[in-house]
Amino acid sequence: MPHTARSPAQIGALVHRERRVRGLTQAQLGARIGKRQATISRLENGEPATRLSTLFDVLSAMNLELALRDRGKSSETAIEDIF
């Protein structure tokens, strides 16, 4: 099921949830991409300075992809419901 994220914090929350669904710790995910646990933590906490390459490495390690589409007219509560 696709999820919507409109901020670094929302992307981080989605990554966090997907990592947990897959039964991975931050350290395990970091090891898969050659990064420290702290790097995964910063991404999941919505650190805006996270490198795009790190995000894509994390997505690839969890067999996920990023898709872009026109912004919908959903309400704020609908976005918050996914978290």
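Values reported hereafter were calculated over all heavy atoms of this structure, with side chains retained and with hydrogens, waters and symmetry mates removed. Count residues from 1 along the sequence.
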So, taking the atom named CD in Glu44 and the one named CG in Leu14, what distance separates them when rounded to the nearest 0.5 Å? 10.5 Å
What I want to check is whether the side chains of Thr39 and Arg51 have a donor and an acceptor closer together than 3.5 Å. no
Nearest atoms (heavy-atom pairs only) where Leu59 meets Glu65: CD1-C, 4.5 Å
Just how far is it from atom CD of Glu18 to atom CG of Leu24, taken to the nearest 0.5 Å? 11.0 Å
Beyond-backbone contact of Met62 with Val15, side-chain heavy atoms, under 4.5 angstrom: yes
Any chain of hydrophobic side-chain contacts (each under 4.5 Å) joining Val21 to Leu64? no
Can you tell me how far apart OG (Ser60) and CZ (Arg32) are? Round to the nearest 0.5 Å. 10.5 Å
Before giving the answer on side chain to side chain contact (heavy atoms under 4.5 Å, CB included), spell out for Ile40 and Ile33 the whole-Å C-alpha distance, their side-chain angles and the decisive distance to 0.1 Å. CA-CA 10 Å; Ile40 305 303; Ile33 65 168; 4.0 Å; yes
For residues Leu43 and Leu55, report the shortest heavy-atom separation together with the two atoms involved. CD1-CD1, 4.1 Å
Do Thr54 and Arg42 have side chains that get closer than 4.5 Å, going by heavy atoms? no
Closest non-hydrogen atom pair between Gln10 and Arg6, with its separation: OE1-N, 2.5 Å
